[in-house]
Amino acid sequence: MTKFAGQAERATQIYAAVAIAAFFSSALVYLYLGRWTVTMGTDYWRIYEIYLNHSWLESALLKINYHSMFFPSLIFLADLRFLHGDQQLLFFVGMILLFCTVILLLVPLWRDKTVGFTAKLAGTLVVIVGNFWMGRATMMVSGGNLCSTSLAIGGALLAFLWLPITRIESARALKAWLIVIGSGFMASFSFGAGLAVWPTLLLLGWSLRLPWRLLAVLLAGGFTAILIYVLLPGGSGEISSGTLSSLLTGGTGIQRLCGLLGAPFLYAEEAWGSLAISDELATSLLSLTCGALGLVFAGLAVVPKLIRRDLGRSKLELIGLALVIFDLLVMVIIIVGRDDNFRENPSEVSAPRYFFWSSLFWAGLLVFAIQRAEPTKWLRWPVFLIALTIPIVAFPSHYKEGVGWRYVNILSESGAISLINGVRDVNDDVNETEILLAPPELVYRVAAQLRAQRLDMFADGLQDWIGLPETSLFAGRQKSEFFKGECHVDGLVQCDGTSAAKVTGRIQKRGDAIPKTLVIVDPAGVVRGVARSWTTNKFISRTFYRGWFPGRDFLGYIRNYDARLSYVVRCADDGALSNEKIVVDTPTTTLQRP
């Protein structure tokens, strides 16, 4: 190796290590600060309505929106039963499962002796970007989504990694078979598209030259999983002949497949420029071209292995090829199952929730390319260059989504505090609970049950403070917090036929700290409402959000509001009320109820 080549190799290694650290650390910050802290999304409000009105067994077995989520349902139900439906805990469980998935990808990469240190760093960068890119955040900031999808992909990866061991004639082969079959069922019944694990195992088994009897076991496992899925209660969906003919006629299915695979490039381009995602842009030449190239490269990777049946020399090659096949089949299931949605709304093909799978397809393709290119001098550096530029291409959309989901996190806290106060904040045709990403009436209906059982946002019992004398809180303990700020009545809202007021303002306490929980008290010393603030560390705000979220704002409500009275806000953190009070500024003009 020449001196220049050695220096280029070292520079590449340093860049890859720095890029891994930067992308991974920023992803952790964006995911943590953008996570769903309360129940959000129409699907999960409906899921929890089912959980609250059915037995645990019925809830776990029921297919919801054509998805069988038996294994994640056990986590959700345990959280409801023992941990008061803590959505943040679900997020952390989901993150642990995501880390396990990443480890399942990185272990074979770093144990593979067919590639060098530079290739391993490049592969690690691809795996980190593929798993932690915030373009996938729709399926990652939600603890429920993260648990379901991570169990599906984690189970699939575990089955793929243990599949080669099943051909060994020893006692270890039985253990391997139990893991493969068990992991396959975990993937199948954690997320609807997880059923793609069985045809993937069959194709991999064929390429690994497994005996026919072992392929028959895999085939039987797949049929059993499908049979169980069909027999489970709830809709299984029907694939009509019209659907299949429409997908095959005129290449509609291939076009949608290319659109799904190329959509991440579309969003990366949109983040770099001033483009807006629309129906026309969603089927643009860029996404279709990138998707078509992905299909071509996937064919060049998969087909020779199926013909020669020589897979298994490298675990890195195995895992890369497995990801490509599995995610392609997942996309096929999505195309067939979502045909009606795609026909009514063509831009749905570029929906971010599908990036969870398409990003793993590209990661698998690049990992496979890195392993294959390592011994070829003329191909090695071009593949490395592509891998090393991925974080640069992805970072603008990574940052944009991180900012967007932090904003959604703040809005979700606002929706939760309106439910805790029992008000319906509807002004100018905007409902505060709509930011919980579900129809208001569904939210109000399920929230009443959550309140009655002190679950989710009601677990802390803040709703019970309303109407109590302030002296009854914390056994009357008070302390000086150097609490200061300003606030005002922002408008009137609905509250069970009585008047209620929305209060907003900015506050802080000792050492520029931001109070988390506040109470609003009337002149008689009775708590009339509670409030919550949202904060972002100054260093984090400057470093990762360019100072967008200083975090001194708060939102609260006053029930039974009387404009003639003077209300004050007190900090209610750390088991004591603050000695200091902030007077709520009331408007000089009479407010009208919505």
Side-chain angles (χ1 to χ4, degrees), residues 407 410-411 413-433 435 462-463 465-471 473 478-536 548-574 576-594:
Y407 185 62
I410 292 172
L411 292 180
E413 292 283 348
S414 302
I417 200 64
S418 72
L419 293 175
I420 290 171
N421 281 279
V423 302
R424 297 197 176 199
D425 189 351
V426 183
N427 284 300
D428 300 326
D429 298 324
V430 175
N431 192 307
E432 194 72 33
T433 60
I435 59 182
L462 299 184
Q463 66 278 0
W465 292 0
I466 300 173
L468 297 178
E470 61 179 341
T471 53
L473 302 183
Q478 300 184 26
K479 67 177 181 178
S480 178
E481 293 276 16
F482 296 94
F483 178 53
K484 59 183 179 180
E486 54 85 21
C487 60
H488 61 276
V489 172
D490 205 27
L492 296 181
V493 296
Q494 302 175 24
C495 182
D496 301 327
T498 63
S499 60
K502 181 178 182 178
V503 178
T504 59
R506 309 189 74 191
I507 39 81
Q508 68 180 61
K509 59 180 182 179
R510 179 187 290 108
D512 290 332
I514 308 299
K516 179 63 177 177
T517 306
L518 310 114
V519 293
I520 305 175
V521 183
D522 68 11
V526 177
V527 176
R528 293 301 179 188
V530 295
R532 278 273 174 85
S533 66
W534 42 89
T535 182
T536 306
W548 277 43
F549 301 104
R552 293 181 55 199
D553 300 323
F554 80 92
L555 169 70
Y557 296 88
I558 303 174
R559 292 174 60 101
N560 302 312
Y561 175 68
D562 187 340
R564 297 168 298 180
L565 301 180
S566 177
Y567 297 88
V568 297
V569 177
R570 302 180 71 174
C571 174
D573 288 339
D574 305 320
L577 288 178
S578 63
N579 289 325
E580 300 81 11
K581 304 174 183 179
I582 299 174
V583 177
V584 179
D585 185 23
T586 56
T588 56
T589 57
T590 303
L591 295 173
Q592 299 295 323
R593 291 187 60 191

**Student:** Show the nearest heavy-atom pair for residues Ser499 and Tyr561, with the distance to one decimal.
**Tutor:** OG-O, 2.7 Å
**Student:** With rounding to the nearest 0.5 angstrom, report the CZ to CD1 distance, Phe483 to Ile507.
**Tutor:** 5.5 Å
**Student:** Just so I know, are the side chains of Tyr407 and Trp548 near enough to count as touching, which here means a heavy-atom distance under 4.5 Å?
**Tutor:**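 They are not in side-chain contact.
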**Student:** Do NZ/NE/NH1/NH2 and the carboxylate oxygens of Asp522 and Arg528 come within less than 4.0 Å?
**Tutor:** yes
**Student:** Using a 4.5 Å cut-off on heavy atoms from C-beta on, say whether the side chain of Glu580 contacts that of Ser480.
**Tutor:**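 They are in contact (side-chain heavy atoms under 4.5 Å apart), so the answer is yes.
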**Student:** Distance check, rounded to the nearest 0.5 Å: Arg424 atom CZ versus Leu419 atom CG?
**Tutor:**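 CG of Leu419 is found 9.5 Å from CZ of Arg424.
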**Student:** From Asn421 CG over to Arg532 CZ, what is the distance, rounded to the nearest 0.5 angstrom?
**Tutor:** 10.5 Å
**Student:** Identify the heavy atoms of Gly485 and Ile582 that sit nearest to each other, and give their distance.
**Tutor:**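 That would be N-CD1, 3.4 Å.
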**Student:** For a quick test of reading the model, state the closest non-hydrogen atom pair linking Trp465 to Ala572 and the distance between them.
**Tutor:**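 Smallest interatomic distance, heavy atoms only, reads CZ3-CB, 3.9 Å.
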**Student:** Taking all atoms of both residues into account, what is the closest heavy-atom pair of Val530 and Ile420, and its distance?
**Tutor:** CG2-CG2, 3.8 Å
**Student:** Look only at the side chain of Arg559 and the backbone of Gly529, and say whether a donor-acceptor pair between them is shorter than 3.5 Å.
**Tutor:** no
**Student:** With heavy-atom distances below 4.5 Å as the criterion, would you say the side chains of Phe482 and Lys509 are in contact?
**Tutor:**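 Contact flag for Phe482/Lys509 side chains = no.
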**Student:** Rounded to the nearest 0.5 Å, how far does CD of Gln463 lie from CD1 of Ile417?
**Tutor:**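 Answer rounded to 0.5 Å: 9.5 Å.
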**Student:** Taking side chain to side chain contact (heavy atoms under 4.5 Å, CB included) as the criterion, tell me which of Thr504, Leu555, Val503 meets it with Asp490.
**Tutor:** Thr504
**Student:** Does a side-chain heavy-atom distance below 4.5 Å link Val519 with Glu470?
**Tutor:**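 Answer no - side chains too far apart.
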**Student:** Roughly how far, to the nearest 0.5 Å, is CG of Leu492 from CD1 of Ile558?
**Tutor:**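 Ile558 atom CD1 to Leu492 atom CG measures 10.0 Å (nearest 0.5 Å).
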**Student:** Of all the heavy-atom pairs spanning Ser533 and Leu518, show the shortest one and how long it is.
**Tutor:** N-CD1, 4.5 Å
**Student:** Rounded to the nearest 0.5 Å, what separation is found between the OG1 atom of Thr586 and the CG atom of Asp562?
**Tutor:**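 Going from OG1 on Thr586 over to CG on Asp562, the span is 10.5 Å.
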**Student:** Is there a donor-acceptor pair under 3.5 Å between the side chain of Asp573 and the backbone N or O of Pro515?
**Tutor:**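 Checking the backbone N and O of Pro515 against the side chain of Asp573, no donor-acceptor pair under 3.5 Å is found.
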**Student:** Heavy atoms only: give me the nearest Val423-Ala500 pair and the separation to one decimal.
**Tutor:** CG1-CB, 4.1 Å
